[in-house]
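Structure first, then comments.
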Number of protein chains: 2
Amino acid sequence: MAGLTERQKLVLALLVRDYVDTAEPISSGRLVANYHLDFSSATVRNEMAVLEQRGFLLQPYTSAGRVPTKEGYRYFVQQLMGENELPAPIQEMIRHQFYQARHDVDDWLSLSASVLAQHSKVASIVTPLHTEKARLKHIALISTRGRQVLLVIILNNGEVHQQTMVLDELLPREQLNAIAEQINLLASGMDAKELEGISSKLQDTPLEEVFAVVYRVIKQAEVISSGDVYRDGLANMLSEPEFSEPEKAKQTLELFEDRGMMDDLLSRTVFESDAPGVHVIIGGEDTWEQLGDCSLIIARYGSKEYAMGAVGILGPLRMAYSRGVSTVRFVSDLMSELISESMSNENLI
Amino acid sequence: MAGLTERQKLVLALLVRDYVDTAEPISSGRLVANYHLDFSSATVRNEMAVLEQRGFLLQPYTSAGRVPTKEGYRYFVQQLMGENELPAPIQEMIRHQFYQARHDVDDWLSLSASVLAQHSKVASIVTPLHTEKARLKHIALISTRGRQVLLVIILNNGEVHQQTMVLDELLPREQLNAIAEQINLLASGMDAKELEGISSKLQDTPLEEVFAVVYRVIKQAEVISSGDVYRDGLANMLSEPEFSEPEKAKQTLELFEDRGMMDDLLSRTVFESDAPGVHVIIGGEDTWEQLGDCSLIIARYGSKEYAMGAVGILGPLRMAYSRGVSTVRFVSDLMSELISESMSNENLI
DNA sequence: ATTAGCAGTCTCGCGTTGAGAGTGCTAAAC
DNA sequence: GTTTAGCACTCTCAACGCGAGACTGCTAAT
């Protein structure tokens, strides 16, 4: 299990690069011609044979060109792919787009999704901020009309959750304020576990109904709230040739629509890991059988003290990893920057 | 241009029914055998020839079975399709699901989307409530952390808009309250036009920044806010045989993702029309070229006094219209009912 | 007005075939 | 020992042809 020679690495890198572009099996002759290599196609064939035996390449059928395996992609991403930044003009453009949306935090998320989809040419996912240890700071109850009220829940990290709810009975505004005030006094500073502890005391009081919702929201804040996950670029992805068979396309679409699955994936990968960088998951390795023949490039944003979310892109195995990683890294860093700025007390912009 | 005979109607109705099930061109013999008709296949062939000449049917190629045209579907929907209600047990089931979510208005929307997708087997779209004449009732500014504040805008119809915003400079809580109070005094009861009128007076005052956002939100409330449109059942739709060619699938997906298009479609169809019932748009008739080979079944919910939204399903031309219409009607009625209940002052539920 | 019968037409699936692309191997060259 | 030219071999893919099958349209009889 010695490492690969320099020439083998070169062949693998070029092959991956070419295959990502063309989606067709790459032949030895093609590689020599395209990149003006100073050794012959026969030599390339020999190297390919080695790479195939190592499990980095395979032939779709006897005597066809080679295609990278999952292992091949992984080696490429970990060892061969350079870390190049997004070109400066594009960085500027994206920054400008975020500047336009500087007053509206919710827009940051959809903008991120749109930027990722546009620049990576595959599908994107962006989750909202969430905290591991959510503590209640403050709630407000605002009467809107009839029995409908708006419950605003602010967490100690500055995260805001809003929830329209319908009360069982109509209450006057003063009573709403009183309920909010009581809950604030009683429960401020508590996390989900502590809230559960006092919930029994509130049985059959007027607070019960509102409190139940507060508890549920705080509890949900500990996992990614899947309702507000932003997605974009689905159509991008389906135009890739790997999804020409409708079965594949359907499968991938279901993966994309399945909230539980995505939640699990994101939280496990991004939040349980201590590595803060960009994660690249190529196909269903080990635990991620469900990903099938898709790859996910993902990173978290925010900071550990306040709250974190995740941004990522989902595409076929044959995707432009280098570009994808640069894009995800840039967007996640930008989001982190914007958020920490808006949380701070200084007057930047 | 005389009407169709009873027998011609029967043939058309049965053919549409069979074709929706099988997705294959229907032959005269098949129709006679399946439905035990008391006339022969030759007679059916003659009737088919008439229907084809009228533009209701066509043959994919010479000497194949017949397939309904768009006109054929339209005639079927308008003249032949019976109006049957959703089966009572299913109605009960859906009501129960909504009952579970009775405290959370936002859940109604996603639940509607999910119910529609599940029962119609195609893709669904649900827009949030919106008003044509939005008037400001009341705003609240809640500090969350750093320069981030939550701006809550309540319209006179009870509609609530929330917007997280980032202020240019950090303001203490008292000052936020003061700003909110001043805006409430100044602008309460105004619509977008009137707000625009006073915006010049606020230039270079501390109110300017917040006021700009209030104005924008009210203005946006007059069109469907596309950000919060719920969708579901995409994967359903792509498993239909009409989307086996990737081009078609991509086209439809783009239609589905394109917010501007959908907004336009929904608002024009549902809100400009005075007919409150269920609308069926079959393929790109006249103005709706973009729909291509898809059909849309759509209805509004809510009430004209307060606010309205739209629920609908999007599928291939070959869809189960009868079932679709029943489902959309039931869901839209149920939503209207729930909303008017929650807006009223009585204590139902 | 309806229907049986039949010739005509078009699709679809299947097997064949030939061109083309690319490999693996061997033997020669460096 | 490494590299390379040359070549036989393998496999896919598109094109073609062909026959079976499915329906129709028409005509003539009922």
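Naming convention: chains lettered A, B, ... in sequence-line order (proteins, then strands); numbering from 1 in each chain.
For the side-chain contact (heavy atoms from CB on, under 4.5 Å) criterion with P316(A), the lone passing option out of D293(A), T252(A), V122(A) is V122(A).
Using a 4.5 Å cut-off on side-chain heavy atoms (C-beta onward), V126(B) and D232(B) make no contact.
Side chain of S120(A) to main chain of G324(A): no donor-acceptor pair is present (N/O by atom type, distance under 3.5 Å, no hydrogens or angles). Using a distance-only test at 3.5 Å, with no hydrogens or angles considered, no donor-acceptor pair links the side chain of S322(B) to the main chain of M81(B). Listed for the Q8(A) side chain is a donor-acceptor partner under 3.5 Å among the backbone atoms of T5(A).
A side-chain donor-acceptor contact under 3.5 Å links S295(A) and Y321(A).
The outermost nucleotides of DNA chain C lying under 4.0 Å from heavy atoms of chain A, listed 5' to 3', are dG22(C) to dG24(C).
Salt-bridge check for E245(A) with K248(A): failed, with every basic side-chain N at 4.0 Å or more from each acidic carboxylate O.
Atom CG of L58(A) and atom C1' of dC11(D) are 16 Å apart (whole Å).
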Query raised in the report: Please walk me through it: do E47(B) and R7(B) pass salt bridge (charged side-chain N to carboxylate O under 4.0 Å, His left out)?
Result: CA-CA 8 Å; E47(B) 300 292 33; R7(B) 195 168 61 196; 2.7 Å; yes
Grab the N/O contacts between the protein and nucleotides 21-30 of chain D below 3.5 Å, and write none if there aren't any.
unit_1, atom_1, unit_2, atom_2, d
dT24(D), OP1, S28(B), N, 3.1
dT24(D), OP2, S28(B), N, 3.4
dT24(D), OP2, S28(B), OG, 2.6
dG25(D), OP1, R66(B), NH2, 2.8
dG25(D), N7, R45(B), NE, 3.1
dG25(D), O6, R45(B), NH2, 3.4

